[in-house]
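Down below is the structure, laid out as structure tokens.
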Amino acid sequence: MISYAPLWRTMKVKKATTYTLQAKGNISSSTVRRMKAGDSVSTNTLDALCAILDCTISDIIEYVPDQPRG
């Protein structure tokens, strides 16, 4: 699964808020809600986040393997 945990850490370090994402990058509130819920977003959104926060993709998302069912 894809995790947005790096995004929230990056935002904290850069003192950015969800308002920053919406005002500087036109990231919609529904997109912010989807990321908070762990839902997918477009690569265009990921690109915009990297531009807004001046960071790399690994500062936005990370792959976390699903736990095996046993």
Side-chain angles (χ1 to χ4, degrees):
M1 107 176 176
I2 298 299
S3 169
Y4 297 98
L7 170 62
W8 312 121
R9 290 190 297 265
T10 299
M11 288 174 60
K12 187 173 184 175
V13 167
K14 296 189 177 260
K15 296 181 175 37
T17 64
T18 56
Y19 177 79
T20 305
L21 302 181
Q22 294 169 335
K24 283 186 155 182
N26 292 325
I27 305 294
S28 70
S29 59
S30 63
T31 298
V32 172
R33 280 194 302 276
R34 284 197 315 274
M35 290 186 298
K36 285 183 176 181
D39 295 337
S40 64
V41 297
S42 72
T43 54
N44 289 337
T45 298
L46 297 174
D47 183 59
L49 291 169
C50 289
I52 295 163
L53 298 170
D54 188 29
C55 64
T56 65
I57 193 70
S58 62
D59 295 320
I60 304 291
I61 59 173
E62 66 185 346
Y63 173 72
V64 178
D66 290 335
Q67 297 295 332
R69 295 180 183 174

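Only heavy atoms go into these numbers, but all of them, side chains included; no hydrogens, no water, no symmetry mates.
- Here the straight-line distance linking atom CG of Asp66 with atom CE of Met1 works out to 7.5 Å at 0.5 Å rounding.
- With sequence neighbours excluded, no residue forms a side chain to side chain donor-acceptor pair (under 3.5 Å) with Arg33.
- Contact record, Met11 with Thr18: CE-N, 3.6 Å, taken as the closest heavy-atom pair.
- With sequence neighbours left out, the side chain to side chain donor-acceptor pair (under 3.5 Å) criterion links Ser29 to no other residue.
- Taking CG from Leu46 and CD1 from Ile2, the interatomic distance works out to 9.0 Å, rounded to the nearest 0.5 Å.
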Donor-acceptor pairs under 3.5 angstrom involving side-chain atoms of residues 55-65: please list them, not counting sequence neighbours.
from: Thr56; atom 1: OG1; to: Ser58; atom 2: OG; distance (Å): 3.0
from: Thr56; atom 1: OG1; to: Asp59; atom 2: OD2; distance (Å): 3.2
from: Asp59; atom 1: OD2; to: Thr56; atom 2: N; distance (Å): 3.1

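- In this view, Ala23 and Tyr19 satisfy the side chain to side chain contact (heavy atoms under 4.5 Å, CB included) rule, not counting sequence neighbours.
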Could you list the donor-acceptor pairs under 3.5 angstrom formed by side chains in residues 35-42, with sequence neighbours left out?
from: Ser42; atom 1: OG; to: Asn44; atom 2: N; distance (Å): 3.4
from: Ser42; atom 1: OG; to: Thr45; atom 2: N; distance (Å): 3.0
from: Ser42; atom 1: OG; to: Thr45; atom 2: OG1; distance (Å): 3.1

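- Take Ser30 and apply the side chain to side chain donor-acceptor pair (under 3.5 Å) test, not counting sequence neighbours, and it matches Ser28.
- Applying the side chain to side chain donor-acceptor pair (under 3.5 Å) test to pairs two or more places apart or on separate chains, none has a residue in residues 1-15.
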Inset, instruction - Go through the steps for Leu7 and Leu53 under the test side-chain contact (heavy atoms from CB on, under 4.5 Å), then give the verdict. - result: CA-CA 9 Å; Leu7 170 62; Leu53 298 170; 3.6 Å; yes
